[in-house]
There are 2 protein chains.
Amino acid sequence: MKQTVAHRSPCPISRTLDIMGDKWTLVILRDITFFNRHTYAELAASREKIPTNLLADRLKRLVGAGLLEKVPYQDRPVRYRYQLTEAGQAIRPILMAMKKFGEQHLSGEGTKAP
Amino acid sequence: MKQTVAHRSPCPISRTLDIMGDKWTLVILRDITFFNRHTYAELAASREKIPTNLLADRLKRLVGAGLLEKVPYQDRPVRYRYQLTEAGQAIRPILMAMKKFGEQHLSGEGTKAP
DNA sequence: CCAGTAACTTTAAAAATGCAAGTTTATACT
DNA sequence: AGTATAAACTTGCATTTTTAAAGTTACTGG
């Protein structure tokens, strides 16, 4: 089923937020982009403990939005990996900017990866 | 009342998202950063039509997080403007990255400011 | 006194989130 | 054959957040 994301205005920033303006989408993209986590199980196991129903939902939205693709990487048994499309890879500068911001301005008592 | 934002993990990206990982925070910051909207009324009037209770809530959170400050800019009657702190100004690269992403990858049928 | 404006607050209904448990499909072990 | 394990989800339900709309407070200019 195709997931269409309605947009609030034609502004490119608000349209970007229509897709990734929530608590979890960008941490999934972070895990795929920087931490090499590509399977559902790997993503579910990451430190922030995303609820699995939200993980499933966000993956669907991201696939629907064309930022990820779900690819079987083995048969017997079939297993899937979520990988970035070209558009998905273009998220990297956003993540980098957030990383830098977090490091420079949110350093409460230690900010470390992941 | 002080608004403390609990964080999910020490990762600088997830900590950044703990503050601005939602549908509205970054559009408020966009309006202040790029469109010179600084008063509650100006922010409430922007194109995406943020519900006023959320605007009030987000402004409080941003002030609490040290990204904005609420400054009276006139007496009789007293009126306030929300302005970026130094940390708040550091959001700009994030917004720029989102703008670029939106323009390049979300150009459905026309993405224009605001 | 009355209308108008800025800056919020309140309310109730709708939607999203969070948590735990359950399901499905497939392989491996005994 | 029967049991166990694992990946990848789904379901049900309580809690929280978001939305839309209306209401409030403080002040002012006529």
Side-chain angles (χ1 to χ4, degrees), chain A residues 1 3-9 14 17-28 31-32 35-65 68-83, chain B residues 1-9 14 17-28 31-32 36-65 68-83:
Chain A
M1 50 189 75
Q3 296 230 19
T4 306
V5 194
H7 58 275
R8 289 169 287 178
S9 90
S14 93
L17 289 168
D18 289 335
I19 292 177
M20 57 190 88
D22 75 283
K23 237 177 113 173
W24 293 110
T25 301
L26 282 167
V27 346
I28 294 170
D31 284 346
I32 297 176
F35 300 122
N36 239 50
R37 300 190 183 116
H38 292 276
T39 65
Y40 184 95
E42 285 168 351
L43 293 167
S46 93
R47 163 118 86 160
E48 289 84 3
K49 285 288 174 329
I50 180 171
T52 56
N53 56 338
L54 296 188
L55 175 57
D57 178 81
R58 294 306 186 277
L59 288 172
K60 258 174 213 158
R61 292 160 110 295
L62 287 168
V63 169
L68 291 182
E69 45 192 350
K70 180 183 177 179
V71 194
Y73 68 94
Q74 65 165 52
D75 303 346
R76 342 212 30 67
V78 60
R79 289 287 135 85
Y80 304 95
R81 49 187 275 116
Y82 289 90
Q83 60 185 221
Chain B
M1 51 188 78
K2 203 82 203 173
Q3 296 233 17
T4 306
V5 193
H7 59 275
R8 289 169 287 178
S9 91
S14 93
L17 289 167
D18 290 335
I19 293 177
M20 58 190 88
D22 76 282
K23 240 177 110 174
W24 293 110
T25 300
L26 282 166
V27 344
I28 294 170
D31 283 349
I32 297 176
N36 238 49
R37 299 189 183 117
H38 292 276
T39 65
Y40 184 96
E42 284 168 352
L43 293 166
S46 93
R47 162 119 86 160
E48 289 85 3
K49 286 285 174 326
I50 180 170
T52 57
N53 56 340
L54 293 189
L55 174 57
D57 178 81
R58 293 306 187 276
L59 288 173
K60 257 173 216 158
R61 292 160 110 296
L62 287 168
V63 169
L68 291 182
E69 46 192 349
K70 180 182 178 179
V71 192
Y73 66 94
Q74 66 164 49
D75 303 346
R76 341 209 27 65
V78 59
R79 287 289 136 83
Y80 304 95
R81 48 186 276 115
Y82 290 90
Q83 60 185 222

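Every chain is numbered from 1, with letters handed out A, B, ... down the list of sequences.
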- prompt: What distance do A/S9 atom OG and A/D18 atom CG have between them, rounded to the nearest 0.5 Å?
  reply: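 Nearest 0.5 Å value for the OG-CG distance: 7.5 Å.
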Would you kindly give the [atom1]-to-[atom2] distance between [X] and [N], to the nearest whole Å?
X: A/R37; N: D/dA7; atom1: CZ; atom2: C1'; value: 17 Å
X: B/K70; N: C/dA7; atom1: NZ; atom2: P; value: 9 Å
X: A/L62; N: D/dC9; atom1: CG; atom2: P; value: 13 Å
X: B/Q74; N: D/dG29; atom1: CD; atom2: C1'; value: 14 Å
X: B/I50; N: D/dT18; atom1: CD1; atom2: C1'; value: 10 Å
X: B/Y80; N: D/dA26; atom1: OH; atom2: P; value: 11 Å
X: A/D75; N: C/dA26; atom1: CG; atom2: P; value: 11 Å
X: B/Y73; N: D/dC27; atom1: OH; atom2: C1'; value: 13 Å

message: Need to verify one output field. Residue with the more 5' nearest nucleotide on DNA chain C, A/V78 or B/V78?
response: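 Looking at the nearest nucleotide for each, B/V78 comes out on the 5' side.
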message: Return whichever of A/R79 or A/D22 has its heavy-atom-nearest nucleotide of DNA chain C closer to the 5' end.
response: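 Closest to the 5' end, via its nearest nucleotide, is A/D22.
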Tell me whether the side-chain N/O atoms of [X] come closer than 4.0 Å to OP1 or OP2 in [N].
X: B/R76; N: D/dC27; answer: no
X: A/K60; N: D/dT10; answer: yes
X: B/W24; N: D/dT17; answer: no
X: B/Y82; N: C/dC8; answer: yes

[options]: which one has an atom nearest the side-chain heavy atoms of [X]?
X: B/N53; options: C/dG18, C/dT9, D/dA20; value: D/dA20
X: B/P51; options: C/dC8, D/dT19, C/dA7; value: D/dT19
X: A/T39; options: C/dT9, D/dA8, D/dT28; value: D/dA8
X: A/A56; options: D/dT19, D/dC9, C/dT9; value: D/dC9
X: A/A41; options: C/dA20, C/dG18, D/dA8; value: D/dA8

Would you confirm whether [X], through its side chain, and [Y], through its main-chain N or O, come within 3.5 Å as a donor-acceptor pair?
X: A/R8; Y: B/K23; answer: yes
X: B/Y40; Y: B/Y82; answer: no
X: A/E42; Y: A/A45; answer: no

Locate the shortest heavy-atom distance separating [X] from [Y]; write the atom from each residue and the value.
X: A/V78; Y: A/P72; result: CG2-CB, 3.8 Å
X: B/I32; Y: B/R37; result: CG1-O, 3.3 Å
X: B/I19; Y: B/D22; result: O-OD1, 4.3 Å

query: Got A/D57 and A/W24 here, is their nearest side-chain heavy-atom distance under 4.5 Å?
result: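 No, side chains not in contact.
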Which atoms of nucleotides 13-16 of chain C (N or O only) lie under 3.5 Å from a protein N or O atom, and what are those distances?
none

query: Across the strands shown, which category fits B/K49 at heavy-atom distances under 4.0 angstrom: base, sugar-phosphate, nothing?
result: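 Nothing: the residue B/K49, judged by heavy atoms under 4.0 Å, touches no strand.
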